[in-house]
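Okay, structure first, notes after.
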Amino acid sequence: MNFLESSNRWSAGYAAVVIGASAGGTAPLSAILQALPANYSLPVIVVQHLHPQQEGPAIFYKSKCCQINLKEAAEKEALLAGWVYFAPPNYHLLVEDDRTFALSVDPKVNYSRPSIDVLFESASEVYGALLVGVVLSGANEDGANGLKAIQDRGGLAVVQDPASAEMPYMPQAALAVVQADYTLLPEQIGALLCKIGEHARKV
């Protein structure tokens, strides 16, 4: 029995995916995004901790590794299926009630701006049980409380297996506060998200 057969939570009809990555997160994030088809049925929103001068999705643009569309999220932009949105460097990224983005220069959270927790918590308030949260490699606790907020509202909590993470502290911090629905290798997370896309809720 594989991990998809062990639980059918992927069939619940989700509406959006949020992903948090930090140190060591580029490789697993790349593996996940490469797995997603161009016509993926959900919007995917990514916070990756970067130096303020770095261009968020630049490494993915340059490698042309993904079929799915990639872009940097913009103020008041509506979330659309089939797109991966990256938080701009040095801005918090939030999801508004009308399912558009808001950018904020509020103080850092967990020493980070953008903060994974800020995205996860705002998205969980909007999507509730229809949200999938994914925590990848990183060297701090950002994302743990946000993933708990997602799970507390009935959403799906997915964590990279710490043994596969270059920096296992962030997945470990998440697992310390949530009973993850799935703890997986990056390529398995990609397969899971594809399966979730097949059962996406049309909203």
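Along the sequence shown, the residues carry numbers beginning at 1. Just so you know, these numbers come straight off a predicted model, no measurement behind them.
- Taking NZ of Lys148 as the reference point, atom CZ of Arg153 lies at 10.0 Å (rounded to 0.5 Å).
- Side-chain atoms of Asn110 and Ser112 include no donor-acceptor pair closer than 3.5 Å.
- For Tyr182, there are no ring-ring contact (aromatic ring centres under 6.0 Å, His included) partners at least two apart in sequence or on another chain.
- Side-chain contact annotation: Gln48 with Thr26, donor-acceptor N/O pair under 3.5 Å present.
- In this structure, CG on Leu36 lies 9.0 Å from CD on Gln67, to the nearest 0.5 angstrom.
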**Q.** Residues Asn145, Phe120; criterion side chain to side chain contact (heavy atoms under 4.5 Å, CB included); working and verdict
**A.** CA-CA 9 Å; Asn145 289 333; Phe120 281 20; over 6 Å; no

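- Shortest non-hydrogen contact noted between Pro186 and Pro28 is CG-CB, 3.5 Å.
- Between Leu156 and Ile196, the closest side-chain pair of non-hydrogen atoms falls below 4.5 Å.
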Q.
I'd like to know whether Tyr40 forms a side chain to side chain contact (heavy atoms under 4.5 Å, CB included) with Leu193, so could you lay out the CA-CA distance, the side-chain angles of the two residues, the decisive distance to 0.1 Å, and finally the verdict.
A. CA-CA 9 Å; Tyr40 191 60; Leu193 294 185; 3.6 Å; yes

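- Two residues are said to be in side-chain contact when any heavy atoms from C-beta on lie closer than 4.5 Å; Tyr14 and His199 fail this criterion.
- Between the CG atom of Leu79 and the CZ atom of Phe101 there is a distance of 3.5 Å, given to the nearest 0.5 Å.
- Here the side chain of Ser30 pairs no donor or acceptor atom with the backbone of Ala27 at under 3.5 angstrom.
- Atom CG of Asp97 is surrounded by 12 or fewer heavy atoms from other residues, nucleotides or ligands within 6.0 Å.
- Between the side chains of Ser22 and His49, at least one donor-acceptor pair of N or O atoms lies under 3.5 Å.
- Put simply, OG1 on Thr100 and NZ on Lys76 are 5.5 Å apart, with the number rounded to the nearest 0.5 Å.
- Cluster partners of Val109, by chain and number: Leu94, Val118. The rule joins Ile, Leu, Val, Met, Phe, Trp and Tyr whenever side-chain heavy atoms lie under 4.5 Å apart.
- The side chain to side chain contact (heavy atoms under 4.5 Å, CB included) with Thr183 is formed by just one residue from the set Leu175, Val135, Val158; it is Leu175.
- Rounding to the nearest 0.5 angstrom, the gap separating the NZ atom in Lys71 from the OH atom in Tyr85 is 6.5 Å.
- Here the shortest heavy-atom pairing between Ala16 and Leu42 reads N-CD2, 3.2 Å.
- The CD atom of Glu75 lies 7.5 Å from the CD atom of Glu96; values are rounded to the nearest 0.5 Å.
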